[in-house]
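One-based numbering, in listed order, for ligands and for the atoms of each.
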Amino acid sequence: MMNDLPNGFTGFAGVNREEFESAADASRRQRGEDPAAEPAARGSFQYARDLDSGRRVETELPFAKQDIDEINPLDLRWAWVEVDLSAIRHNVAETRKFLQSRSRLLAVVKADAYGHGSVQVAKAALGAGADRLAVATVPEGIKLRKAGITAPIMLLAQPPATSIPALLGYNIVPTVYEPDFAVAYGEAADLRGMKAPYHLAVNTGMNRIGVRFDEAVEFLHQVSFHRALELDGVFTHYATADCPETLDFSIQSNRFADAIESIRAAGFDPGVVHSANSASIYRYPNVHYDMVRLGVSLYGLHPCPETRDLVDLRPAMSVHARITDTRFVPMSEGVSYGLHYRSPGSVKICTVPIGYADGLRRGLSGNTDFILGGRYYRQVGNICMDQCMFEVDMRSYGTRERIDPQVGDEVIIVGTQGIAEVTLDEMAEKLGTIHYELACGFGQRMDRIYV
Ligand SMILES: *Cc1c(COP(=O)(O)O)cnc(C)c1O
């Protein structure tokens, strides 16, 4: 073992590597061995790295690869996200009730379905009656195609022109607003005898992307000479659909209505006209047009308080972990980086293997509750990258049953158990952000389990 010390090893406190090795040699000499000879045991420790050459040493796995690959992800790591696909289906069905029969439903599954897993969510949404899918990037679209999804996929942005072969090859319909992109796209399609369908983005006031509402007709005149280009749809996006005031919204929706009217008046067929995101689907039925774009509410999240009374949504995501360590911390000793939290002495401090690299934002340190056995417990100390702690008061109060947490016990970080509930909404409120961002964050590293 002694010769297997890492190369950078500098010795235990006060003992440098040389002294340490000569101590080992001395003990060999005592046993009558030659300290210069290769130690007999050495060969069995070459699994990681040959110390002299620094090369990796190939050996067989000690278990069958299949047995390792088949270990349940929950047995590899005690922190995970659960996604309830029946909630996704429920939210599609509830949203459908708001739509006229001519309105199609496009499920927005960008950003890995807001952290819920795009392939599984796309399949569930399509199965529940969604007509189309939308993503934000070309790789997101390719991922869905490679998973065998054949439904129409639109891109909510205009990608780099260099991605055009991928758009045509994978049948991903882009958003377009630049004539140069339109022509390059049309030409690439024409060369292969294909059509180049696209959605025209109209900027009605959000000022993010698109052709300005009063320049849409001009754009169409500019590109319409191209025979392969096909206007599949025209859309806009609202900046304030989720805001209490409605004036800015109506300015945008009026501009969009005008743009569509002038497109038709100029003799162009706008194709599928769409403008509504989640908030406007429930709040403004007059802007549904031919299709609505269901994003955050597909996942059961309310875009704003105003929609709470309008539609019954079910959150699909919950976040879980198991306790990996428990300890009594003496009174006034600190916990976690900075030791900002101090033990009151009567608490058991429990550790769970989830941290800010999993989306549990560090800004929530000391300011969120975990659920264990249907009760709330306060998260304490700074949230670390991969772990964090919570406290369980071990005194019993009145009729309240004492709970003694153990390693392996399940904790809910986001979700419901009994009457206890922690929502992404309240976490977002505490952080001064929106639940969209938190859902995406929880999708980063943890395995997802579909129930
Ligand atoms: C993300 C996005 C949506 C979905 O918005 P939600 O508020 O999540 O419903 C719709 N349209 C566009 C253009 C988007 O970028």
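For atom 7 (O) of ligand 1, the nearest non-hydrogen atom of the protein is Y436 OH, 2.7 Å. At the shortest separation from atom 5 (O) of ligand 1 among protein heavy atoms lies N277 CB, 3.6 Å. Nearest to atom 10 (C) of ligand 1 among the protein's heavy atoms is R293 NE, 3.4 Å. In this structure, atom 9 (O) of ligand 1 lies nearest to the protein heavy atom S278 OG, 2.5 Å.
The line from CG of D358 to CE of M446 is 4.5 Å long, rounded to the nearest 0.5 Å. Between the CD1 atom in I449 and the NE2 atom in H320 there is a gap of 9.5 Å [rounded to 0.5 Å].
Taking every non-hydrogen atom of Y114 and a distance limit under 4.0 Å, the qualifying atoms of ligand 1 come out as 1 (C), 4 (C), 5 (O), 6 (P), 8 (O). Ligand-side atoms of ligand 1 in range of G295: 4 (C), 6 (P), 8 (O), 9 (O), range being under 4.0 angstrom from any heavy atom. Atoms of ligand 1 found under 4.0 Å from any heavy atom of K110, numbered from 1 in the order shown, are 1 (C), 2 (C), 3 (C), 14 (C), 15 (O).
A salt bridge links D131 with R96: at least one charged nitrogen is closer than 4.0 Å to a carboxylate oxygen. By the 4.0 Å N-to-carboxylate-O rule, D290 lies too far from R104 to be salt-bridged with it.
A centroid separation of 6.0 Å or more is found between the aromatic rings of Y177 and F219.
Residue contacts with ligand 1 for V296 involve both N, CA, C or O and side-chain atoms from C-beta outward (heavy atoms, distance under 4.0 Å). Only the side chain of R208 comes within 4.0 Å of ligand 1, counting heavy atoms alone; its backbone N, CA, C and O stay farther away.
At distances below 3.5 Å, not a single donor-acceptor pair connects side-chain atoms of N382 with backbone N or O atoms of C384. Not a single donor-acceptor pair under 3.5 Å links the side chain of R145 to the backbone N or O of G169.
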